[in-house]
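As a basis for the values below, the full set of heavy atoms in this structure was taken, side chains included, without hydrogen atoms, waters or symmetry mates. In what follows, every chain begins at residue 1, and chains take the letters A, B, ... in the order their sequences are listed.
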Amino acid sequence: MTSTDKALVSSSSGLIREVRRLFWTVRDHSLFAGTLPYLFILPTFILIGLIVVYPILQAFYLSLLDVQFINPQGNFVGLRNITNILQSSIFWLVFRNSAIWTSVVVLFQFGLGLATALLLNQEFYGRTLARALIILPWVTPGVITGLLWRLLLEPNLGIVNGILATLGVVNPNIPWLSQPSTAMLGVIASAIWKGTPFSTVMYLAALQGVPEELLDAAKIDGATGWKRLLYVIIPSISPVIRITVLLTTIWTANYFDIIYVMTEGGPINQTHIFPTYIYELGFRRGKTSMAAAFGLVTATLLLIFSLWYIRELNKRKALE
Amino acid sequence: MTGMDKATWHRYRKKLHRVIIYVLVLLTLAVFSCPILWMVSVALKPAQETFRFPPTFLPVEPTLENFGKALNPVFLRYAFNSILVASSTTVLTLIFAIFSSYSFSRLHFRGRKPLLVVILLTQLLPLAVLIVPMFRILSGLGLINTYPALIIAYLTFTVPVAVWFLRGFFYGIPYELEEAAMIDGCTRLRAFLTIILPLSLPGISATGTYVFFVTWQELLFSLAFMTSKSMRTLPVGVLDFIGEHVTDWGALMAASVLVCVPVFVLFMFMQNQLIAGLTEGAIKG
């Protein structure tokens with residue numbers, strides 16, 4: 001008996017001791033041990049079944065009816081919701097907006113994230129503090145980011161127009177978020193600001209793993225900074241790049257908070273992306289079935305993208 | 001050019017390089033932290049100063065009156081709701097995730113890979129697809145405007161993330177430790193509870209921090225499932241300060257600062273573990 005066992009036994013008595021003895025004597029080769037892995041994952045899978053799989057089945061069912069707030073039972077309409085969605089111009093507008101929003105935000109988060117990571121990887125005084133400070137936008141809650149950027153872009157009080165005014169731009173009272181031509185720019189800028197630090201942190205951590213000898217060897221061979229980046233640094237951090245780009249793509253495509261707070265999808269639907277439009281359909285306009293169908297279309301698109309992305313990665317891995 | 005000149009040129013270049021780095025670092029920090037400083041600055045400005053154009057960067061007469069306005073009883077109620085929901089979700093998530101991620105990282109069993117893929121797939125799912133059916137299910141159960149509604153909804157995305165995170169941490173603990181304990185006559189379950197769990201406490205707290213951080217700021221579900229004012233959480237409640245015609249930016253920014261403070265502080269303490277969790281999970285996922 002080890003000392004911890006003794007301590008355990010002496011600290012308990014009577015029935016508790018018996019129960020404890022029984023509990024601990026269940027050995028690895030017993031039936032219990034064989035099912036232990038399954039017992040450990042069972043609660044999680046029951047949970048996923050109840051709160052993820054069941055609602056999705058429910059979404060499929062709802063998408064076949066025409067349920068609305070004013071008609072909560074609904075009648076069977078089959079695939080009419082889906083065909084209506086695919087034929088509506090609003091779907092293609094939301095699709096286009098989502099594609100622009102996601103690709104621009106992810107691209108900038110990748111580029112700026114990598115650039116700032118390379119910068120913060122240099123030797124300079126106050127590096128630890130700089131690394132801690134840069135993460136703050138990512139830790140700022142999405143709602144607060146949206147509110148903050150609404151203030152920054154406010155036509156009459158905002159600092160962005162304030163800076164433009166001091167620079168002497170003729171008409172600085174630009175209503176960034178309420179004119180269709182610039183609203184998307186505004187929400188994209190704030191999403192890039194909020195999300196980039198996540199990529200920075202990921203790439204910064206990955207850069208610590210780039211083999212020093214490889215960099216030195218490249219330097220001796222006369223490789224310039226750019227070549228070292230392209231042929232040494234990026235290949236050795238590419239696993240982290242892949243997963244970071246996939247994660248930021250999924251997060252951005254599903255992001256709701258910033259757009260809801262800044263524009264609510266407006267003006268004239270110019271900033272509506274899938275999540276904001278589904279919320280509007282389901283909870284503002286009470287079109288339950290349409291919202292469910294829209295959600296399924298979104299999920300399918302995202303799934304197709306993710307599977308394509310993962311397959312491309314595997315193909316490339318096989319080539320390497 | 002003589003050798004001497006070359007050496008000076010080299011030193012000069014090195015100095016220039018350093019100057020460029022400092023300039024770039026300052027510029028980067030300015031871009032990423034100025035908006036946050038601006039939030040604090042506006043929160044400290046008296047009402048009439050907020051409306052000055054062009055705006056003053058630092059408050060001329062700093063005041064705490066905005067924080068007084070923000071900390072009204074309704075806001076405190078929102079804060080209470082947020083704390084309750086976020087901490088219950090965190091505890092529940094950890095209970096589910098600790099056991100299953102241990103199983104996924106350490107034990108060998110049939111169907112391990114496909115089952116893990118199922119967990120990762122749920123992360124690809126847009127929450128927007130769940131929100132409508134979930135609202136129907138929850139209202140059928142009479143749970144709309146109750147804490148369990150929100151906690152249940154949050155578990156849909158916190159549990160998969162936590163499993164993913166914790167798996168990385170469990171991988172970091174040498175397998176020999178468990179083996180040694182089991183040779184000494186420990187059962188697998190006991191080795192897990194008395195050796196692995198205490199060792200992975202840093203990882204568990206980092207995962208808990210992340211879950212708390214995600215649920216603290218969640219907006220979509222809260223907006224949809226908490227329709228009565230007294231049940232709202234902070235991300236929805238803070239929108240109260242936006243007026244129909246005029247917005248009290250001072251009070252709004254003060255409230256925003258208050259919403260940020262808990263997660264900033266948590267993050268300060270947990271930063272290193274959190275980053276380790278994110279990157280480990282990414283590489284081994």
Side-chain angles (χ1 to χ4, degrees), chain A residues 24 26-28 33 36-38 40-41 43-44 47-48 51-52 55 58-59 62 116 119 122 124 130 133-134 136-137 139-144 147-148 151-152 156-157 159 162 165-166 201-202 205 239-240 243 250 254 256-257 274-275 278 282-283 288 291-292 295-296 298-299 302-303 306, chain B residues 21-22 24-25 28-29 32-33 35-36 38-39 42 50-51 53-55 96 99-100 102-103 107 109 115 122 124-134 136-137 152 155-156 159 187-190 216-217 219-220 224 235 238 249 252 256 259-260 263-264 267 271 275 278-279 282-283 285:
Chain A
W24 292 127
V26 181
R27 297 262 159 198
D28 248 20
L36 186 70
Y38 297 105
F40 272 18
I41 60 170
T44 298
L47 185 80
I48 289 179
I51 67 178
V52 180
Q58 186 85 11
L62 273 173
T116 45
L119 181 66
Q122 308 285 323
F124 60 88
L133 280 179
I134 198 157
L136 285 180
V139 190
T140 306
V143 174
I144 308 301
L147 289 171
L148 180 54
L151 173 60
L152 296 176
N156 303 314
L157 323 163
I159 191 105
T166 35
V201 167
M202 294 292 277
V240 176
I243 195 81
I250 294 167
N254 291 332
F256 173 79
D257 308 10
F274 285 117
I278 290 167
F283 293 88
T288 312
L296 289 173
T298 319
L302 205 63
L303 203 67
S306 307
Chain B
I21 284 178
Y22 278 100
L24 284 176
V25 167
T28 312
L29 285 183
F32 285 102
S33 29
I36 292 170
W38 181 243
M39 167 170 78
V42 172
T50 346
F51 291 102
F53 190 87
F96 280 108
F99 286 99
S100 45
Y102 174 75
S103 192
L107 308 177
F109 56 93
L115 288 174
T122 57
L124 300 183
L125 212 67
L127 293 181
V129 73
L130 287 178
I131 189 163
V132 171
M134 205 166 241
R136 300 247 315 171
I137 294 166
I152 290 170
L155 290 176
T156 55
V159 170
T187 57
R188 166 79 71 176
L189 183 63
R190 185 173 195 184
W216 181 258
Q217 57 171 303
L219 175 68
L220 179 58
V238 80
W249 284 104
L252 180 60
S256 300
V259 175
C260 287
V263 281
F264 280 14
F267 197 81
Q271 189 170 13
I275 290 167
L278 283 167
T279 43
I283 293 161

Legend entry - Selection from B:Pro133, B:Ala128, B:Ala224 maximising heavy-atom pairs under 4.5 Å formed with chain A: B:Pro133

Inset, instruction - Can you tell which part of A:Phe283 gets under 4.5 Å to a heavy atom of chain B, answering side chain, backbone, both or neither? - result: side chain

Inset, instruction - Name the region of A:Leu136, side chain, backbone, both or neither, that has any atom closer than 4.5 Å to a heavy atom of chain B. - result: both

Legend entry - Interchain contact, B:Ser256 with chain A, by part (heavy-atom threshold 4.5 Å): both

Legend entry - Contact winner vs chain A - B:Trp249, B:Phe267, B:Trp216, heavy-atom pairs under 4.5 Å: B:Trp249

Legend entry - Nearest-0.5 Å distance that lies between atom OG in B:Ser33 and atom CG in A:Leu133: 5.5 Å

Legend entry - Segment of A:Leu302 engaging chain B (4.5 angstrom heavy-atom cut-off): side chain

Legend entry - Toward chain B, the part of A:Leu151 with a non-hydrogen atom under 4.5 Å: both

Inset, instruction - Name all residues meeting the side-chain hydrogen bond (donor to acceptor under 3.5 Å, both in side chains) criterion together with A:Thr116; count only those two or more places apart in sequence or in a different chain, and write none if there are none. - result: A:Thr200

Legend entry - Spacing of CD1 belonging to A:Ile159 relative to CH2 belonging to B:Trp38, to within rounding of 0.5 Å: 3.5 Å

Legend entry - Closest heavy-atom pair and its distance - B:Pro235, A:Val143: O-CG1, 3.5 Å

Inset, instruction - Could you go through the side-chain contact (heavy atoms from CB on, under 4.5 Å) check for A:Thr140 and B:Gln217 one step at a time? - result: CA-CA 9 Å; A:Thr140 306; B:Gln217 57 171 303; over 6 Å; no

Inset, instruction - Give, as side chain, backbone, both or neither, the part of A:Leu303 having an atom under 4.5 angstrom from any heavy atom of chain B. - result: side chain

Inset, instruction - State, yes or no, whether a side-chain contact exists between B:Leu127 and A:Asn254 at a heavy-atom distance under 4.5 Å. - result: no

Inset, instruction - Look at B:Leu252, B:Leu29, B:Val263, B:Ile36 and state which one has the largest set of heavy-atom pairs under 4.5 Å with chain A. - result: B:Ile36

Legend entry - Minimal non-hydrogen separation, A:Pro141 against B:Cys260, with atom names: CD-SG, 3.8 Å

Inset, instruction - Below 4.5 Å from any heavy atom of chain A, which atoms of B:Leu220 appear? Answer side chain, backbone, both or neither. - result: both

Legend entry - Heavy-atom pair of closest approach, residues A:Ala59 and B:Val129: CB-O, 4.2 Å

Legend entry - Criterion side-chain contact (heavy atoms from CB on, under 4.5 Å) on A:Gln122 and B:Leu24, from CA distance to verdict: CA-CA 11 Å; A:Gln122 308 285 323; B:Leu24 284 176; over 6 Å; no

Inset, instruction - Can you measure from CG (B:Leu219) to CG (A:Asp257) and round to the nearest 0.5 angstrom? - result: 4.5 Å

Legend entry - Top contributor to chain A contacts, counting heavy-atom pairs under 4.5 Å, from B:Ile21, B:Val159, B:Val42: B:Ile21

Inset, instruction - To the nearest 0.5 angstrom, please state how far the OG1 atom of A:Thr288 sits from the CZ atom of B:Arg136. - result: 6.5 Å

Inset, instruction - Give, as side chain, backbone, both or neither, the part of B:Thr156 having an atom under 4.5 angstrom from any heavy atom of chain A. - result: both

Inset, instruction - Go through the structure and list residues passing side-chain hydrogen bond (donor to acceptor under 3.5 Å, both in side chains) with A:Thr44, not counting sequence neighbours. - result: B:Ser100

Legend entry - Interface moiety of A:Ile278 toward chain B, non-hydrogen atoms closer than 4.5 Å: side chain

Legend entry - Closest-packed option against chain B by number of heavy-atom pairs under 4.5 Å, given A:Leu62, A:Val201, A:Thr298, A:Leu296: A:Leu62

Legend entry - chain B contact via A:Ile250 - side chain, backbone, both or neither, heavy atoms under 4.5 Å: side chain

Legend entry - Steps toward side-chain contact (heavy atoms from CB on, under 4.5 Å) verdict (A:Phe40, B:Leu189): CA-CA 10 Å; A:Phe40 272 18; B:Leu189 183 63; 3.6 Å; yes

